[in-house]
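Remarks on the structure that follows.
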Amino acid sequence: MAIPDEATTTSLDHYASDHLIGPELQACLDATIRASDEAGLPEIQVSTMHGVQLMVLARALGARSVLEVGTLGGFSTILLAKGVGAAGRVLTLELSPKHAEVARENLARAGVGERVEVRVGDALESMESIRDDAARGGPGLPPFDLVFIDADKDRVPEYLEIAIGITRPGGMIIVDNTVRGGRVLDPETTDASVRGVQRMYEMLKGDRRVAATAMQTIGAKGWDGYTMVVVNPSDA
Ligand code: SAH
Ligand code: DHB
Ligand code: MG
């Protein structure tokens, strides 16, 4: 079947979310988008159905500890936090103090502020210290059940490498924006974001620590996709 036009795939996204999420969650997400817009944040959060997929995955994994790389206004963070439930914890890493502040307000309004820590700073530095603390046996969240990588794309392989080391066997890592309108197919690209994704694929080739798959998506955000990585249990 041919790929339909973007108006149709966007309508389908809305049709699905109208049926699949209740009015309370919809209102909470709408308020988050509104507040983020008003604060001047870019509108680059995951689509509603992609965000809800993160919630569904967190629940399916029985996740109690989740790491997010790239918070923005906390749209995806809210859904991850709903996915882990009241006993769960989400640590989300964000470079911009302004984005972090907007996110904290959105998380509080959504009623999940208590279970989320928004840590401001460069995500790679934060991840390195999370890894090093865990190696020293310090108290803290690792190993993670679920990691969502969605910050600057040029360093996706570096984020993924650390994520693999701090995720439990059977845990999941989702890397967002790994299709980007097919630009990943261009071997000549000089775009650092696209190169980051290509380097991630090169890194994953033959990597026996994980099993990974790539999903292309169409809908409210055009043609994009994400990569799902599971950390192999020792008997895989
Ligand atoms: N996950 C969010 C969207 C994140 S957009 C959602 O779907 O709702 C990407 C975010 O990564 C931006 O807020 C940007 O400020 C942040 N970012 C960019 N470079 C970063 C870095 N080096 N460390 C931490 N965060 C970074
Ligand atoms: C864009 C989309 C994203 O999901 C993201 O994480 C960063 C940028 C974009 O549409 O430009
Ligand atoms: Mg993204």
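Model, not experiment: these values are computed from the prediction. Atoms within each ligand, like the ligands themselves, are counted from 1 in listed order.
Looking only at heavy atoms of the protein, atom 3 (C) of ligand 1 is closest to D150 OD2, 3.2 Å. Among all non-hydrogen protein atoms, the one lying nearest atom 23 (N) of ligand 1 is A123 N, 2.9 Å. Protein heavy atom in closest approach to atom 14 (C) of ligand 1: E94 OE2, 3.4 Å. From the protein, the heavy atom lying nearest to atom 7 (O) of ligand 1 is V46 N, 2.9 Å. In this structure, the protein non-hydrogen atom closest to atom 18 (C) of ligand 1 is D152 N, 3.9 Å. In terms of protein heavy-atom proximity, atom 24 (C) of ligand 1 is closest to L95 N, 3.2 Å.
Using a 4.0 angstrom heavy-atom cutoff, P42 does not count as in contact with ligand 1. For E68, the heavy-atom gap to ligand 1 drops under 4.0 angstrom.
Salt bridge annotation for R168-D145: present, with a cationic side-chain nitrogen under 4.0 angstrom from a carboxylate oxygen. Ion pairing of R155 with D152 is present here, as a side-chain N (NZ or NE/NH1/NH2) and a carboxylate O approach within less than 4.0 Å. Note on R119 versus E125: no salt bridge recorded, every NZ/NE/NH1/NH2 to OD/OE distance being 4.0 Å or above.
Of all the listed residues (S96, S76, P97), S76 holds the heavy atom that lies closest to atom 2 (C) of ligand 1. Heavy-atom proximity to atom 4 (O) of ligand 2, evaluated over N177, D224, D150, is greatest for N177.
Within the 2.8 Å limit, N177 places at least one N, O or S atom next to the Mg ion (ligand 3).
Contacts between R180 and ligand 2 below 4.0 angstrom, taking non-hydrogen atoms only, involve the side chain exclusively. Using a 4.0 Å cut-off between heavy atoms, D176 contacts ligand 2 through its side chain alone, with no backbone atom that close. Residue I44 touches ligand 2 through backbone and side chain together, judged by heavy-atom distances below 4.0 Å. Of all the heavy atoms of Q45, the ones lying under 4.0 Å from any atom of ligand 1 are found in both the backbone and the side chain. Proximity of Q45 to ligand 2, defined as any heavy-atom pair under 4.0 Å, is not found for any part of the residue. Neither the backbone nor the side chain of V69 comes within contact range of ligand 1; no heavy atom lies under 4.0 Å.
Here the N, O or S atom of D150 that is nearest to the Mg ion (ligand 3) is OD1. For D176, the N, O or S atom with the smallest separation from the Mg ion (ligand 3) is OD2.
Atoms of ligand 1 lying under 4.0 Å from any heavy atom of H99, numbered from 1 in the order shown and given with element: 12 (C), 13 (O), 15 (O). With ligand atoms numbered from 1 in the order given, ligand 2 contributes 5 (C), 6 (O), 7 (C) to contacts under 4.0 Å with heavy atoms of K153. Shown in contact with K221 at under 4.0 Å from a heavy atom are these atoms of ligand 2, numbered in order with element: 2 (C), 3 (C), 4 (O). Close approach to G121 involves these atoms of ligand 1, each under 4.0 Å from a residue heavy atom: 23 (N), 24 (C). Each of the atoms 2 (C), 3 (C), 4 (C), 5 (S), 13 (O) of ligand 1 lies under 4.0 Å from some heavy atom of L72.
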Show the numbers, then the answer: is there a side-chain contact (heavy atoms from CB on, under 4.5 Å) between I130 and D133?
CA-CA 5 Å; I130 292 163; D133 286 351; 5.9 Å; no
For side-chain contact (heavy atoms from CB on, under 4.5 Å), just list the numbers for K98 and E101, CA-CA rounded to whole Å, side-chain angles, deciding distance to a tenth of an Å, and then say yes or no.
CA-CA 5 Å; K98 179 180 166 185; E101 186 189 316; 5.7 Å; no
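Note on ring orientation: taking the six-membered ring where Trp is involved, the planes of H50 and Y226 are parallel (angle under 30°, cut-offs 30° and 60°).
Two residues are said to be in side-chain contact when any heavy atoms from C-beta on lie closer than 4.5 Å; V118 and H99 fail this criterion. Using a 4.5 Å heavy-atom threshold, the side chains of I3 and W223 count as separate. Side-chain contact between L141 and L67 is absent, with no heavy-atom pair separated by less than 4.5 Å.
No hydrogens or angles considered: nothing links the side chains of D13 and T10 as a donor-acceptor pair under 3.5 Å. There is a side-chain donor-acceptor pair under 3.5 Å between E68 and S76.
In terms of polar-atom proximity, defined here as any N/O pair under 3.5 Å, I44 makes no such contact with ligand 1. Between F148 and ligand 1, no N or O atom pair is found at a separation short of 3.5 Å. Ligand 1 has no nitrogen or oxygen under 3.5 angstrom from a nitrogen or oxygen of G74. Not one N or O of A151 is nearer than 3.5 Å to an N or O of ligand 1, by distance alone.
When the options V229, V184, T227 are evaluated for a side-chain contact (heavy atoms from CB on, under 4.5 Å) with M200, the one that passes is T227.
The main-chain N or O of G73 is found under 3.5 Å from a side-chain atom of N106 such that the two form a donor-acceptor pair. A donor-acceptor contact shorter than 3.5 Å links the side chain of R64 to the backbone of V84.
Residue E128 places its CD atom among more than 12 non-hydrogen atoms of other residues, nucleotides or ligands, all under 6.0 Å distant.
We find the CD1-OG1 distance between I173 and T167 to be 4.0 Å, quoted to the nearest 0.5 Å.
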